[in-house]
Amino acid sequence: MFNTSDGEVTLSSGEKTVRFPTVTGTEGDVGIDISKLRADHKRITLDYGFANTAACRSSVTFVNGDTGELRYRGYRIEDLAAQASFPEVAFLLMNGELPTKAELEEYESELSGHTLLNEEMKRMFDAFPRGAHPMGILSAATAAMSTFYERYHNPRDAESVKESTIRLMAKLPTVAAFAYKKSIGQPYMYPRNDLDYSSNFLQMMFGLPVEPYEIDPVVARALDVLLILHADHEQNCSTSTVRLVGSSEANLFASVAGGMNALWGPLHGGANSAVIAMLSEIDEDGGDVDKYVARAKDKEDPFRLMGFGHRVYKNFDPRAKILKEFASDVLERLGVNDPLLEIALKLEEHALTDDYFIERKLYPNVDFYSGMIFRSLGFPVRMFTVLFAIGRLPGWMAHWKEMIEDPNTRIGRPRQVYAGHTERDYVATGDR
Ligand code: ACO
């Protein structure tokens with residue numbers, strides 16, 4: 001049993017009472033500081049999925065899952081999505097403040113000055129099998145980038161950190177586009193430094209050396225907004241991975257490559273592709289949405305509605321709310337008539353009115369709508385999680401930097417409650 005008073009919590013068991021200090025965040029969350037629990041009381045906590053455990057204090061992003069609020073460095077996601085550009089948001093996440101006009105120009109010019117990959121890296125793309133998953137290539141290429149920039153590995157040197165964050169941010173779209181071109185057997189398109197971040201990525205993805213590529217401003221802005229919406233989400237699975245890898249003082253490229261692998265899973269960033277796979281399956285199966293809703297509710301069936309539910313948002317996902325409106329606008333402006341959209345809307349309606357989903361507070365998440373928009377912009381499904389990774393990069397880097405600069409950071413090393421055999425004697429092979 002515990003109660004909070006005067007910045008501490010008391011935990012009582014029988015006659016014994018122990019006190020723990022509490023830490024209060026700027027938005028009122030209270031954390032019980034148990035860092036002396038093991039040393040003083042020989043106890044540890046057990047918390048599957050770290051659902052109740054803060055591993056750091058952070059000033060990057062605030063999420064309120066009950067009210068559906070998301071803010072980067074204090075700025076509402078709705079305002080940033082409506083008014084900012086992706087590099088502007090990246091600067092904000094990395095530096096804590098919105099850039100002045102001059103700072104933004106300088107940042108954009110630093111980014112466009114580093115978009116090229118070392119030519120030797122091109123051979124690496126060639127080594128992958130045709131059709132290799134672009135997420136595998138992306139994380140391998142990001143780890144490989146560390147070999148070209150060993151001079152910037154020292155996480156304690158501010159100049160090295162700055163140079164490595166600029167390079168990674170500038171080159172990731174080039175890596176992503178090369179991974180895609182490799183997968184379809186088309187020639188790599190070099191970056192164009194006269195274009196903004198998203199437009200340049202589009203021309204590397206969809207352009208061909210034999211003809212000019214015309215940038216559609218609707219598509220470029222839609223991509224920019226999607227990247228902004230994905231830019232950070234506090235201590236999610238991939239960001240925690242980046243922090244954990246980085247806590248061993250591994251370099252930025254190695255840490256971010258770890259985060260990309262965590263993002264790939266279908267319960268995290270892989271969900272946006274899983275949504276389209278699910279909608280296509282429903283479509284091919286005759287479009288019977290009820291059948292799939294029933295399957296999702298059946299505890300004997302492992303099937304889940306992809307794009308529904310969230311560990312933190314138990315009201316609605318504010319990114320999904322922005323994207324829902326944005327999706328219909330973009331699809332209409334691009335004149336896209338996608339049969340999967342109809343199924344998505346039906347599914348959404350069923351789930352939002354079904355008691356199973358209402359009771360469990362399962363709402364469409366960002367991936368439910370982002371997949372539909374990425375598809376309408378012309379991106380193949382296998383690139384969706386790569387797009388998520390490009391968007392999430394500033395968040396990963398901001399957290400990595402914050403973790404390195406925090407004097408309280410220790411190497412991440414969870415404990416366990418051992419549940420295996422007690423000591424036993426070795427038995428020779430012939431006697432088993
Ligand atoms: N379809 C059907 N039932 C679901 C779903 C779903 N998508 N999500 C959760 N549930 C049910 C669970 O079976 C459980 O039911 P129970 O209480 O009867 O046992 C209850 O809702 C709670 O679910 P948990 O798995 O405990 O919730 P958790 O917070 O651990 O998981 C997660 C969150 C992983 C996002 C989950 O909702 C899920 O698997 N969703 C589908 C995948 C997805 O869309 N992922 C993207 C997340 S957003 C992002 O990464 C940007």
(message) Given 3.5 Å as the limit, does a donor-acceptor pair link the side chain of Lys171 with the main chain of His114, or not?
(response) yes
(message) Measuring from atom CG of Leu323 to atom CG of Leu229, what distance do you get when rounded to the nearest 0.5 angstrom?
(response) 5.0 Å
(message) Cation-pi check for Phe316 against Lys321: NZ or CZ below 6.0 Å from the six-membered ring centre and within 45 degrees of the axis, yes or no?
(response) yes
(request) Would you give the length of the straight line joining atom CE of Met397 to atom CG of Leu252, rounded to the nearest 0.5 angstrom? (result) 6.5 Å
(message) Could you measure the distance from the CG atom of Leu347 to the CE atom of Met278? Nearest 0.5 Å is fine.
(response) 5.0 Å
(message) Working to the nearest 0.5 angstrom, can you tell me the gap between Ile276 CD1 and Phe384 CZ?
(response) 5.0 Å
(message) Tell me whether the count of non-hydrogen atoms from other residues, nucleotides or ligands lying under 6.0 Å of CD in Glu97 goes above 12.
(response) no
(request) Please collect all ring pair (Phe, Tyr, Trp, His ring centres under 6.0 Å) contacts where either partner lies in residues 229-262, sequence neighbours excluded, each pair once. (result) Tyr149-Phe253, His230-Phe388, His233-His310, His233-Tyr313
(request) Working to the nearest 0.5 Å, report the span between CD of Glu150 and CE of Met145. (result) 15.0 Å
(request) Check for a donor-acceptor pair, side chain of Ser199 on one end and backbone N or O of Leu195 on the other, with a separation under 3.5 Å. (result) no
(message) Using a 6.0 Å cut-off, check whether atom NZ of Lys361 has over 12 heavy atoms from anything other than its own residue.
(response) no
(request) Determine whether the side chains of Thr115 and Asn193 contain a donor N or O and an acceptor N or O closer than 3.5 Å. (result) yes
(request) Say whether Asn365 and Asp317, considering side chains only, have a donor N or O and an acceptor N or O under 3.5 Å apart. (result) no
(request) Could you go through the salt bridge (Lys or Arg N to Asp or Glu O under 4.0 Å) check for Lys101 and Glu103 one step at a time? (result) CA-CA 6 Å; Lys101 197 166 175 284; Glu103 283 170 335; over 6 Å; no
Which donor-acceptor pairs under 3.5 Å do side chains of residues 201-213 form with protein atoms, sequence neighbours excluded?
residue: Gln203; atom: NE2; partner: Tyr190; partner atom: O; Å: 2.9
residue: Gln203; atom: NE2; partner: Asn200; partner atom: OD1; Å: 3.3

(request) Decide if atom CZ of Arg57 counts as having more than 12 heavy atoms of other residues, nucleotides or ligands within a radius under 6.0 Å. (result) no
Mind listing the side-chain donor-acceptor pairs of residues 59-66 below 3.5 Å, one per line with the distance, residues two or more places apart or on another chain?
residue: Thr61; atom: OG1; partner: Asp232; partner atom: OD2; Å: 2.6
residue: Asn64; atom: OD1; partner: Asp66; partner atom: N; Å: 2.9
residue: Asn64; atom: OD1; partner: Thr67; partner atom: N; Å: 3.2
residue: Asn64; atom: OD1; partner: Thr67; partner atom: OG1; Å: 3.4
residue: Asn64; atom: ND2; partner: Thr67; partner atom: OG1; Å: 3.1

(request) Would you check if the distance from the ring center of Tyr292 to the ring center of Phe303 is below 6.0 Å? (result) yes
(request) Please name all residues satisfying side-chain contact (heavy atoms from CB on, under 4.5 Å) with Lys297, sequence neighbours left out, ordered by chain then number. (result) Val293, Asp354, Tyr356, Phe357
(request) Decide if atom CD of Gln186 counts as having more than 12 heavy atoms of other residues, nucleotides or ligands within a radius under 6.0 Å. (result) yes
(message) Please check: side-chain N/O of Thr239 versus main-chain N/O of Gln235, any donor-acceptor pairing under 3.5 Å?
(response) no
(message) I want to check something: taking the side chain as every heavy atom from C-beta on, are Glu234 and Ser58 in contact at a cut-off of under 4.5 Å?
(response) no
(message) Nearest 0.5 Å, please: how far is CD1 in Ile373 from CG in Leu387?
(response) 11.5 Å
(message) Does Glu27 have more than 12 heavy atoms from other residues, nucleotides or ligands lying within 6.0 Å of its CD?
(response) yes
(message) Would you say that more than 12 heavy atoms from the other residues, nucleotides or ligands in this model lie under 6.0 Å from the CG of Asn337, or not?
(response) no
(message) What I want to check is whether the side chains of Trp400 and Ser255 have a donor and an acceptor closer together than 3.5 Å.
(response) yes
(request) Please determine which of Ile390, Val219, Leu227 meets the side chain to side chain contact (heavy atoms under 4.5 Å, CB included) test together with Ser198. (result) Leu227
(request) Decide if atom CZ of Arg151 counts as having more than 12 heavy atoms of other residues, nucleotides or ligands within a radius under 6.0 Å. (result) yes
(request) With sequence neighbours excluded, tell me which residues meet side-chain hydrogen bond (donor to acceptor under 3.5 Å, both in side chains) with Arg76. (result) Asp79
(message) Under a plain distance cut-off of 3.5 Å, with no hydrogens placed, do Ser238 and Asn236 share a side-chain donor-acceptor pair?
(response) yes
(request) Classify the ring geometry between Tyr197 and Phe86 as parallel (under 30°), tilted (30 to 60°) or perpendicular (over 60°). (result) tilted
(request) Just grab all the ring pair (Phe, Tyr, Trp, His ring centres under 6.0 Å) pairs involving residues 322-348, residues at least two apart or on different chains. (result) none
